[in-house]
Amino acid sequence: GNSVTQMEGPVTLSEEAFLTINCTYTATGYPSLFWYVQYPGEGLQLLLKATKADDKGSNKGFEATYRKETTSFHLEKGSVQVSDSAVYFCALSDRYNAGNNRKLIWGLGTSLAVNP
Amino acid sequence: ETGVTQSPTHLIKTRGQQVTLRCSSQSGHNTVSWYQQALGQGPQFIFQYYREEENGRGNFPPRFSGLQFPNYSSELNVNALELDDSALYLCASSSPGTGPYEQYFGPGTRLTVT
């Protein structure tokens, strides 16, 4: 079945460092790909998305490119801030029946801590 | 635009009891999905409701059941609670008409079973 694999954390960076969180997927067809962020004590927030190969999703300085040839959707940010400390989840949208109904399949999450 | 809300925020139950969690979907969304997120894990899909009917289910036993109401709000019911049911329960609303089928999440209900 379809699956998502994320790099294990925790990741600890200093403020203004470059961030990469790796995400690879296994899927049949052409899923949509997402990064969600979960701040301490809060629910999940959609960070960015991409719907087809070579699409680049971006938001709040974060970027990820849908790479079909490497089945990857790595999250990057050029200069992290303390406020970026959170858990980041990579997910894909998986069709589970003949209709247009989909569920999200998730990676295990990568915890990021940014120190001042 | 009102976001997804869930109640209660926290809940403590004893093994064997029953629990009902509630979710109000985002305005304009007619589909609600429920996920279980154990500590340190990614969310696991429980089931989805569309127009008051269950239209998909993950690998959860029948003691996990749900409802969706005409206003698209939803309930998750868990019978015969087990210690392993302790988790954050997340509700997400969406609209099948959305191209990439984004899901918008509520803050979750933290269930502790003792």
Side-chain angles (χ1 to χ4, degrees), chain A residues 1-10 21 23 25 29-53 55-57 59 64 66 73 87-111, chain B residues 3-10 21 23-26 29-51 53-60 66 68 87-110:
Chain A
N2 295 348
S3 64
V4 173
T5 303
Q6 279 181 245
M7 64 183 282
E8 291 188 21
I21 300 178
C23 171
Y25 67 90
Y30 302 94
S32 296
L33 301 173
F34 304 86
W35 277 100
Y36 280 81
V37 58
Q38 189 171 34
Y39 296 102
E42 298 185 13
L44 290 155
Q45 299 177 24
L46 177 64
L47 180 60
L48 53 83
K49 63 181 185 289
T51 61
K52 60 184 186 297
D55 264 4
K56 177 185 282 189
N59 186 26
Y66 190 150
F73 192 55
V87 180
Y88 292 82
F89 290 92
C90 184
L92 68 81
S93 176
D94 183 28
R95 178 178 294 176
Y96 60 80
N97 61 24
N100 196 31
N101 307 107
R102 296 171 184 263
K103 65 179 188 286
L104 291 173
I105 293 179
W106 301 79
L108 293 179
T110 302
S111 176
Chain B
V4 180
T5 60
Q6 291 185 243
S7 63
T9 305
H10 296 89
L21 310 181
C23 170
S24 291
S25 61
Q26 183 165 310
H29 287 180
N30 56 14
T31 301
V32 172
S33 304
W34 285 93
Y35 293 83
Q36 181 195 64
Q37 186 181 14
L39 200 61
Q41 303 293 314
Q44 297 293 315
F45 175 70
I46 302 175
F47 45 54
Q48 183 179 88
Y49 278 83
Y50 171 64
R51 292 186 176 177
E53 291 192 4
E54 183 183 299
N55 71 349
R57 189 177 185 93
N59 294 325
F60 282 81
Q68 188 179 32
L88 181 67
Y89 287 85
L90 296 164
C91 166
S93 76
S94 54
S95 172
T98 303
Y101 205 63
E102 300 165 26
Q103 298 191 358
Y104 294 87
F105 286 80
T109 294
R110 173 74 62 188

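Each chain gets a letter, A, B and so on, in the order the sequences are listed, and its residues count up from 1.
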- Item | Heavy-atom proximity to chain B below 4.5 Å, by part of A:Q38 | side chain
- Task: Return the option, out of A:L108, A:L44, A:L33, with the maximum number of heavy-atom pairs under 4.5 Å with chain B.
- Result: A:L44
- Message: If I measure from the heavy atoms of chain A, does B:Q37 come under 4.5 Å with its side chain, its backbone, both, or neither?
- Response: side chain
- Message: Does either side chain, that of B:Q41 or that of B:Q44, offer a donor lying less than 3.5 Å from an acceptor on the other one?
- Response: no
- Message: Using the salt bridge (charged side-chain N to carboxylate O under 4.0 Å, His left out) criterion, which residues pair with A:E8? Sequence neighbours excluded.
- Response: none
- Not counting sequence neighbours, which residues clear side chain to side chain contact (heavy atoms under 4.5 Å, CB included) with A:L46? List them please. A:F34, A:Y36, B:E102
- Is there a donor-acceptor contact under 3.5 Å linking the side chains of A:T110 and A:Q6? yes
